[in-house]
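Here's the structure, in structure tokens; my notes come after.
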Number of protein chains: 2
Amino acid sequence: MPRAKSKSRENLLDNALNTFWKTGFHVVSMGDLVRETGVSRAGIYSDFGGKEDLFHACLDRYQDTVVTPAFAPVEAEGAGIEGIKAYFDNLLARFEDTGGFGMGCLVGNTLSQIPEDAQETRQRLRAHCDRLTAGFHKVLTYENGDDGPLSVSEIAALARYTMLSVQGIWSYSRLTGDVAELRAASDMLIAVLKARLRGAPD
Amino acid sequence: MPRAKSKSRENLLDNALNTFWKTGFHVVSMGDLVRETGVSRAGIYSDFGGKEDLFHACLDRYQDTVVTPAFAPVEAEGAGIEGIKAYFDNLLARFEDTGGFGMGCLVGNTLSQIPEDAQETRQRLRAHCDRLTAGFHKVLTYENGDDGPLSVSEIAALARYTMLSVQGIWSYSRLTGDVAELRAASDMLIAVLKARLRGAPD
DNA sequence: CCTGCTTTAGAATGATCGTTCTCCTACATC
DNA sequence: GATGTAGGAGAACGATCATTCTAAAGCAGG
């Protein structure tokens, strides 16, 4: 009977995820990962193929352990604008937990340093953006109802715009230590969505 | 009498800037810079202290040769919303020139991979964000006039929100090759600003 | 051609990278 | 306690990194 995995192995992915999250793929060395995860080099290489494979696994883990819980209020059945607000609150709470500068979004961070030919990575980033956009799209469609002011294409554009703004907010969270700035931007975005659902004229 | 600088030296900064812009500080090696700029290693080290000093010089150069011309319509005396629109058009035109994926914003790209203790770099990024925010703030103040619907603090929040959204849009430009997506987001942001200047209720 | 200076290509250096390997410890099962 | 195996510590390796150094080439003024 095979032995159970050691304790440190269980947290390997989560610790590696946090390390990559802080400063990005290229800045993190295998030595850093060994130190931060407490797992030996051989252990990392036997569980994953190498640094890049580990990073891809971290991107997937990020979806499961970070995005899914935080974004749940948006993806929940019958979620409305308050679901988006709850999502922002989750992100703000995470920012406040870190104290000082935030870490932004792992996907957004990766996006800013991805080479043109890293297709496997790019595909994961795109999936993330599409996931967020789809969630916002669903909520906006729900709020718009059958006879709301927004057309389907307007909803699509507004959903993507929301996703882009969220990325901008979390990118900036790496530069500020003031949660009030981020909260103001989140509130502004919520207000914008509400206004357009109410039929603000162009 | 000292000789004039060689031709390749004149473009050193611009070529280095483009190289850093594409993939970020850590991915670019000195060998890459030598190849892309056509200047010898010794030449780079004599004109600048080292890789990091060169990068800082590129951040400054970025302000002068990229941000200043593109952002000029916003910073111009008496600029209004159409100045912001012209700024977006400049960025969209730049995106279309590259063909395929965009390069985003050098500041935004750097922000996503900056270590917590890189204070000299962080200071430059903050200055950039403050510059954009100040430009939008000026335009919004102008458009709001003496008896507009927005208070001073609302203008400040809206200016920062605009800056954040712009960063999000240009971050996403690294993931898409479709200028229509970016234009839709830009148009949406303009519409949002106009609506709030018209006094959209919260 | 000679002299003085700038700029070049490229080797040398020491550090660090990702990756692999060996050796040894620690523990489950008998 | 003996045995088998998984995991950890860290050396070894070749590649590449930023940086420095050497030597030669290019060019201006005499």
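In what follows, chains carry the letters A, B, and so on, assigned in the order in which the sequence lines appear, proteins first and then strands, with residues in each chain numbered from 1.
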Legend entry - Between D/dT19 (C1') and B/Asp47 (CG): distance, integer Å: 16 Å
Inset, instruction - Could you state the atom-to-atom distance from CZ of A/Arg41 to P of D/dG10 in whole Å? - result: 11 Å
Inset, instruction - Using a heavy-atom cut-off of under 4.0 Å over every strand shown, decide if A/Val28 touches base, sugar-phosphate, or nothing. - result: sugar-phosphate
Inset, instruction - Send over the distance from A/Asp53 CG to C/dG18 C1', rounded to a whole Å. - result: 12 Å
Legend entry - Candidates D/dT20, C/dT19, C/dT8 - which lies nearest the side chain of B/Ala42: C/dT8
Legend entry - Shortest non-hydrogen contact from A/Pro149 toward A/Arg196: CG-O, 3.7 Å
Legend entry - Whole angstrom value for the distance that separates P of C/dC17 from NZ of A/Lys51: 9 Å
Legend entry - Neighbour count >12 (heavy atoms, 6.0 Å) for atom OH, A/Tyr142: no
Legend entry - Electrostatic pair A/Asp97:A/Arg94 at N-O distance under 4.0 angstrom: no
Inset, instruction - Calculate the interatomic distance between B/Phe20 atom CZ and D/dA18 atom P; express it in whole Å. - result: 9 Å
Inset, instruction - Take the protein atom CE of B/Met30 and the nucleotide atom C1' of D/dC17, then report the distance between them rounded to whole Å. - result: 11 Å
Inset, instruction - Measure the distance from CG on B/Leu33 to C1' on D/dT19 and round it to the nearest whole Å. - result: 13 Å
Inset, instruction - Could you tell me whether the phosphate oxygens of C/dC17, OP1 or OP2, come under 4.0 Å of any side-chain nitrogen or oxygen in A/Ser29? - result: yes
Inset, instruction - Indicate, with a heavy-atom threshold strictly under 4.0 Å, whether B/Ser40 touches base, sugar-phosphate, or nothing. - result: base
Inset, instruction - Determine whether the aromatic ring centres of B/Phe55 and B/Tyr62 lie less than 6.0 Å apart. - result: no
Inset, instruction - Mind calculating the distance between CZ (A/Phe48) and P (C/dG18) to the nearest angstrom? - result: 16 Å
